[in-house]
Visitor: 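Pasting a structure below so you can have a look.
The analysis underlying the following values was restricted to heavy atoms, covering all of them including side chains, and did not include hydrogens, waters or symmetry mates.
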Amino acid sequence: AAPGNNNNVQHSSEVEEEIGAILVQFIDATVSTETTSDFQESVDRVMALVATFGVRYSTQVADMVISRAVEFSTVLLERIRGHACILLGKIAKALLDLRKSAAIAARDNSDIDWAEANLELIQDALLPRLQDKGQAVRCQAIDAVGNFFTVPEDAETYGEILDALLWNLAHDPSVSNRIIAVQSVPVNEKTTDYIIARIRDVKPKVRAEALNTLGTKAKASNMTESQIVGVVQ
């Protein structure tokens with residue numbers, strides 16, 4: 001049965017293998033593409049298609065797609081590692097959407113358990129990329145892990161990856177990476193002090209993004225007096 005599908009439709013193993021092989025070919029083509037401004041939108045759309053369709057079609061197809069993305073996240077070529085991070089982020093979003101819809105429908109927990117297991121696999125693949133030697137790879141990994149925190153409650157569930165992201169927020173030498181980290185990190189009791197610290201960043205763009213994030217995502221009622229003073233100062 002397809003993940004997230006409650007109509008008991010069955011796909012033959014041969015069909016699933018063929019569909020999975022096609023999606024893997026899509027992955028091979030997109031991660032090897034030299035992306036320019038002319039091609040980036042097309043590549044993003046193909047990755048979104050592969051992630052969403054692959055996860056929703058069946059567990060066998062999804063496993064093939066996830067396995068390929070994880071495999072590419074460790075190759076020597078920096079550009080491919082970066083593309084793999086983008087794809088893993090889109091797959092994580094698709095899995096989180098699947099988990100949410102399964103929970104709302106109150107179906108058998110097998111869909112939720114399967115999604116959680118694969119989210120853990122993706123988390124393990126992205127964690128090393130947050131410390132990647134390539135600035136662009138770190139940037140794409142930072143953006144990808146932001147998908148884990150679209151639901152505020154998940155900040156505690158994925159605490160390990162949040163801790164790694166907070167390191168990038170505070171210490172990544174790249175200005176653009178610190179900006180993406182500010183955008184990706186959830187705003188809660190644990191992270192607010194880290195974001196406030198970026199108001200004192202040496203780069204104006206980081207300071208501006210930190211203020212914008214606090215202004216749009218934080219609630220003054222949830223901040224301590226010392227945090228509010230820190231913002232005003």
Side-chain angles (χ1 to χ4, degrees), residues 1-6 9 11 15-35 39-75 77 79-105 110-130 132 136-151 154 157-158 161 165 180 183-184:
N5 192 334
N6 201 32
V9 173
H11 308 289
V15 170
E16 292 189 359
E17 186 174 350
E18 184 65 24
I19 293 293
I22 292 171
L23 294 183
V24 166
Q25 287 180 344
F26 284 177
I27 294 173
D28 293 350
T30 53
V31 300
S32 61
T33 299
E34 286 280 2
T35 53
F39 294 109
Q40 186 61 55
E41 183 178 357
S42 297
V43 168
D44 285 345
R45 289 185 176 185
V46 171
M47 287 188 176
L49 170 66
V50 170
T52 303
F53 182 76
V55 166
R56 289 282 179 173
Y57 190 79
S58 74
T59 56
Q60 180 178 340
V61 171
D63 289 342
M64 293 174 69
V65 168
I66 295 169
S67 177
R68 194 62 152 199
V70 170
E71 178 184 355
F72 276 133
S73 71
T74 61
V75 299
L77 192 59
R79 170 170 50 82
I80 293 181
R81 293 200 308 276
H83 281 180
C85 289
I86 295 172
L87 180 56
L88 287 168
K90 293 182 183 300
I91 294 172
K93 183 179 184 304
L95 287 167
L96 288 163
D97 289 342
L98 173 63
R99 187 190 67 177
K100 180 180 178 180
S101 62
I104 291 174
S110 59
D111 278 353
I112 298 176
D113 293 341
W114 176 81
E116 288 288 358
N118 281 287
L119 284 166
E120 185 175 346
L121 183 66
I122 291 172
Q123 178 179 246
D124 290 343
L126 286 172
L127 274 170
R129 303 285 69 81
L130 291 171
D132 197 278
V137 178
R138 296 198 308 277
C139 182
Q140 287 154 336
I142 291 168
D143 189 49
V145 300
N147 287 293
F148 284 86
F149 308 115
T150 52
V151 178
D154 283 337
T157 303
Y158 303 109
I161 208 162
L165 179 58
I180 296 295
Q183 296 169 347
S184 298

Visitor: Please enumerate all residues that pass side chain to side chain donor-acceptor pair (under 3.5 Å) together with R68, with sequence neighbours excluded.
Guide: D28
Visitor: Output the distance between atom CE (M47) and atom CG (D44), rounded to the nearest 0.5 Å.
Guide: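 Here the interatomic distance stands at 7.0 Å.
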Visitor: Quick check: do F53 and I19 have side-chain heavy atoms less than 4.5 Å from each other?
Guide: yes
Visitor: If you compare all heavy atoms of Q140 against all heavy atoms of G82, which two are closest, and at what distance to 0.1 Å?
Guide: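 Smallest interatomic distance, heavy atoms only, reads OE1-CA, 2.8 Å.
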Visitor: Calculate, to the nearest 0.5 Å, the distance between atoms SG and CD1 belonging to C85 and I80 respectively.
Guide: 12.0 Å
Visitor: Taking C-beta and beyond as the side chain, do Y57 and V15 meet within less than 4.5 Å on heavy atoms?
Guide: yes
Visitor: Determine all donor-acceptor pairs shorter than 3.5 Å in which one atom belongs to a side chain in residues 115-128; sequence neighbours excluded.
Guide:
{"from": "E116", "atom 1": "OE1", "to": "Y158", "atom 2": "OH", "distance (Å)": "3.4"}
{"from": "E116", "atom 1": "OE2", "to": "R99", "atom 2": "NH1", "distance (Å)": "2.7"}
{"from": "N118", "atom 1": "ND2", "to": "W114", "atom 2": "O", "distance (Å)": "3.0"}

Visitor: Measure the CZ-CG distance between F72 and L88 for me, rounded to the nearest 0.5 Å.
Guide: 11.5 Å
Visitor: Can you tell me how far CG of N147 sits from CD1 of I91, rounded to the nearest 0.5 angstrom?
Guide: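 These two atoms lie 11.0 Å from each other.
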Visitor: Give me the atom names and distance for the closest heavy-atom approach of G89 to A144.
Guide: CA-CB, 3.7 Å
Visitor: Side chain to side chain contact (heavy atoms under 4.5 Å, CB included) for F149 and L165? Distances and angles first, verdict last.
Guide: CA-CA 11 Å; F149 308 115; L165 179 58; 4.0 Å; yes
Visitor: If I compare all heavy atoms of V145 with all of I161, which pair ends up nearest, and what's the gap?
Guide: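 Distance-wise, the nearest heavy atoms are CG1-CD1, 3.3 Å.
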Visitor: Would you check, one step at a time, whether the test side chain to side chain contact (heavy atoms under 4.5 Å, CB included) holds for E16 with D63?
Guide: CA-CA 11 Å; E16 292 189 359; D63 289 342; over 6 Å; no
Visitor: Can you confirm whether E17 is buried at CD, in the sense that more than 12 heavy atoms of other residues, nucleotides or ligands lie under 6.0 Å from that atom?
Guide: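 No - once you tally the heavy atoms of other residues, nucleotides and ligands closer than 6.0 Å, there are 12 at most.
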Visitor: To the nearest 0.5 Å, tell me how far H83 NE2 sits from T30 OG1.
Guide: 7.5 Å
Visitor: At what distance, to the nearest 0.5 angstrom, does NZ of K93 lie from OG1 of T52?
Guide: 7.0 Å
Visitor: Ignoring hydrogens, what is the shortest heavy-atom contact between A21 and M64? Give both atom names and the distance.
Guide: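 So the two residues come closest at N-CE, 3.5 Å.
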Visitor: Can you list the residues that meet the side chain to side chain donor-acceptor pair (under 3.5 Å) rule with K90, with sequence neighbours excluded?
Guide: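 Counting only residues at least two positions away or on another chain, K90 forms no side chain to side chain donor-acceptor pair (under 3.5 Å).
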Visitor: Tell me, please, which residues at least two apart from D132 pass side chain to side chain donor-acceptor pair (under 3.5 Å).
Guide: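 D132 satisfies side chain to side chain donor-acceptor pair (under 3.5 Å) with R81, R129 once adjacent residues are dropped.
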Visitor: Given V65, which partner from the list I27, V55, V70 fulfils the side chain to side chain contact (heavy atoms under 4.5 Å, CB included) test?
Guide: I27
